[in-house]
Amino acid sequence: MDIKKIIKDRQQGRLTILEQLYWKWFEPSQSLIGTTKEIYGKILTDEHLAVAYLREKGLIDIDVIENPPDPREEKLVLTITAIGIDYVEDHILTS
């Protein structure tokens, strides 16, 4: 197991999510909307943990807009924050 590759893959996964939300910000809808299942896939996957990490860092916001009985069908809105926009732009400009 190459730990450096695993870390780089996880960092790239988080950056990919941020970049998607960055470009979405400049569209009329400005947010990514979907069910918990659509956005996270399965709970505690790399995607789920990446979204949770980005939220905890203040780079994205997550709002619940529908709360049905089945939590996998909960409707979420993911939006990049000003801090997230700055992070993506700094990353692009320094790469």
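Here the structure is a predicted model, which means the values were calculated and not measured. Positions are given from 1 along the sequence.
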* **Set of residues satisfying salt bridge (Lys or Arg N to Asp or Glu O under 4.0 Å) with respect to Asp61, sequence neighbours excluded** =>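 Asp61: no salt bridge (Lys or Arg N to Asp or Glu O under 4.0 Å) contacts found.
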* Are Leu49 and Ile7 linked, directly or through other ILVMFWY residues, by side chains that come within less than 4.5 angstrom of each other? ->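 Leu49 does not cluster with Ile7.
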* Tell me whether Ile85 is reachable from Ile92 by hopping between hydrophobic residues (I, L, V, M, F, W, Y) whose side-chain heavy atoms are closer than 4.5 Å. =>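 The answer is yes; both residues are in one hydrophobic cluster.
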* Set of residues satisfying ring-ring contact (aromatic ring centres under 6.0 Å, His included) with respect to Tyr22, sequence neighbours excluded ->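 Only Phe26 meet the ring-ring contact (aromatic ring centres under 6.0 Å, His included) criterion with Tyr22.
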* Tell me, which pairs form a salt bridge (charged side-chain N to carboxylate O under 4.0 Å, His left out) where one or both residues lie in residues 75-95, sequence neighbours left out? ->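 Output for this query is empty, none listed.
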* Asked: With a 4.5 Å limit on heavy-atom distance, are the side chains of Leu76 and Asp63 in contact?
  ->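 Answer no - side chains too far apart.
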* Taking only residues two or more places apart in sequence, or in another chain, which ones meet Ser29 in a side chain to side chain contact (heavy atoms under 4.5 Å, CB included)? ->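 For Ser29, the residues satisfying side chain to side chain contact (heavy atoms under 4.5 Å, CB included) (neighbours in sequence not counted) are Lys24, Glu27.
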Donor-acceptor contacts under 3.5 Å from residues 10-19 side chains, at least two apart:
residue, atom, partner, partner atom, Å
Gln12, NE2, Thr16, OG1, 3.3
Thr16, OG1, Gln12, O, 2.9

* About how many Å separate CG of Asp46 and NE2 of His48, when rounded to the nearest 0.5 Å? ->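 It comes to 11.5 Å.
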* Do you know the tightest heavy-atom contact between Ile80 and Leu21? ->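 Shortest heavy-atom contact: CG2-O, 3.7 Å.
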* Shortest non-hydrogen contact from Thr79 toward Ser31 ->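 So the minimum-distance heavy-atom pair works out to OG1-OG, 2.8 Å.
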* Other than Ile65, what residues sit in its cluster of Ile, Leu, Val, Met, Phe, Trp and Tyr side chains whose heavy atoms are under 4.5 Å apart, directly or through others? ->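 In the cluster with Ile65 are Ile33, Val77.
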* Indicate yes or no for a side-chain donor-acceptor contact from Thr81 to the backbone of Leu59 under 3.5 Å, with no hydrogens or angles considered. =>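 Indeed, once roles are kept as given, a pair shorter than 3.5 Å links the two residues.
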